[in-house]
Protein chains: 2
Amino acid sequence: MRNNTMGSLIWLRLMRFANQSNQLSNEFLKRFDLTTAQFDVLAQIQVYQPITQSELAEKVVVTQGGISRMLARLEKESYIVRKQEWKTKTISLTEKAQAVLEEALPAQLMFQSSFFEDVLTKEEEKQLYKLITRVHKHSQQKKFPPE
Amino acid sequence: MRNNTMGSLIWLRLMRFANQSNQLSNEFLKRFDLTTAQFDVLAQIQVYQPITQSELAEKVVVTQGGISRMLARLEKESYIVRKQEWKTKTISLTEKAQAVLEEALPAQLMFQSSFFEDVLTKEEEKQLYKLITRVHKHSQQKKFPPE
DNA sequence: CTAGTTTACTTGACTAATCAAGTGATTGTG
DNA sequence: CACAATCACTTGATTAGTCAAGTAAACTAG
């Protein structure tokens with residue numbers, strides 16, 4: 001019926017795994033009162049602060065509108081401050097966010113790693129990273145799929 | 001600064017790729033007037049119809065509430081019909097959905113495959129599938145992360 | 001036969017995203 | 001100098017999902 005190709009099988013697996021691990025990550029981060037999306041944004045800000053909204057949007061691969069809303073939420077929870085500077089808004093972390101990240105970041109890195117370390121050898125991890133990186137980079141070139 | 005582990009690097013790549021390819025898939029399916037999520041649900045119904053809502057929710061890994069809303073949308077667009085049977089609602093595809101899928105399904109399978117076929121050898125595809133399957137299965141066991 | 005439990009589904013409040021249209025400074029250019 | 005274009009950001013409408021509380025049918029006692 002559905003003569004699945006190898007590629008479509010990989011795709012399904014990948015999507016289901018991404019979904020699943022995202023949910024588990026949300027569950028995990030609940031103890032820090034964060035969602036995966038919020039953590040991702042805060043971690044990027046920490047690395048690149050001070051940063052403008054549009055730059056940040058690019059880093060986390062979200063539209064301008066998306067980042068605007070996300071930052072509005074994060075500001076309401078006083079994780080970040082936005083300073084109007086010229087026409088640009090410059091974003092940086094508050095003490096609160098800094099403190100939360102200090103705990104959450106290493107924990108989350110461990111958590112993420114555990115998905116792979118528990119079942120793959122060092123060699124296999126490297127192999128997987130190599131393959132997924134190649135696939136990812138290729139997909140970025142793909143921007144405009146042929147009609 | 002961020003002493004990233006191999007695992008956390010893989011995770012980031014995987015998530016960004018899942019995100020990216022999901023967006024591209026949405027763009028691709030626009031010609032059929034479908035989103036990736038809708039396509040996924042319709043394809044599952046096609047395989048398993050007639051099926052109940054709760055069974056379907058499990059297949060596509062979404063909550064009861066989520067599937068309820070999704071099916072309400074699909075019904076409004078008359079892609080599916082829901083027949084109350086006892087206390088259960090049995091779902092099946094309409095002619096319209098059947099016709100759309102006939103075109104969309106092979107196209108989408110091709111599209112998904114192209115992410116991998118273009119950059120990996122047959123051998124590497126098998127390797128990637130093996131690794132991601134192991135990782136995915138492991139994540140399903142993981143259901144309740146340790147406190 | 002009525003009361004309580006379970007099952008299947010819905011719904012309200014929320015997070016997170018998209019697109020497209022709108023706002024409001026800053027920067028050309030005639 | 002004024003008008004248009006551009007840039008950075010916001011916002012309304014919509015899709016897609018979550019959780020938790022609610023409804024209604026169908027079983028399961030006492």
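The chains referred to below are lettered A, B, ... by the order of the sequence lines, with proteins before strands, and numbering in each begins at 1. Hydrogens, waters and symmetry mates are skipped; everything else that's a heavy atom, side chains included, is used. In this text the structure is predicted, and so the values were computed from the model without any measurement.
B:F111 pairs with exactly one of B:F28, B:F32, B:F116 by the ring pair (Phe, Tyr, Trp, His ring centres under 6.0 Å) rule, that one being B:F28.
Residue B:S54 places none of its side-chain N or O atoms closer than 4.0 Å to OP1 or OP2 of C:dT7.
To the nearest angstrom, C1' of D:dA16 lies 11 Å from CG of B:N22. A:E27 has its CD atom 18 Å from the P atom of D:dG17, to the nearest Å. A:N26 places its CG atom 11 Å from the P atom of C:dA17, with the value rounded to the nearest Å. D:dG17 atom C1' lies 16 Å from atom CG of A:L24, rounded to whole Å. Summarising the geometry, the separation between NZ on A:K30 and C1' on C:dC14 is reported as 13 Å, rounded to the nearest angstrom. Rounded to whole angstrom, the span from the CD atom of A:Q23 across to the P atom of D:dC19 amounts to 7 Å. The separation between A:L34 atom CG and C:dA16 atom C1' is 15 Å, rounded to whole Å. Between the CD atom of B:Q53 and the P atom of D:dT23 there is a distance of 19 Å, rounded to whole Å.
Under the 3.5 Å distance criterion, the side-chain polar atoms of B:N26 are matched with a main-chain donor or acceptor of B:T36. Under a 3.5 Å cut-off, the side chain of A:S68 and the backbone N or O of A:Q64 do not form any donor-acceptor pair.
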side-chain hydrogen bond (donor to acceptor under 3.5 Å, both in side chains) assessment of B:Q108 paired with B:S25
CA-CA 8 Å; B:Q108 175 70 355; B:S25 165; 3.3 Å; yes
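The nucleotide whose nearest atom lies closest to any side-chain atom of B:T35 is, among D:dT15, D:dT10, C:dT15, D:dT15.
DNA chain D is contacted by A:Q64, A:G65, A:S68, A:R69 of residues 63-78 of chain A, taking any non-hydrogen atom closer than 4.0 Å.
Close placement of the B:F17 and B:F115 rings is indicated, their centers lying within 6.0 Å of each other.
Scored by the ring-ring contact (aromatic ring centres under 6.0 Å, His included) test, A:Y129 finds no partners at all (sequence neighbours excluded).
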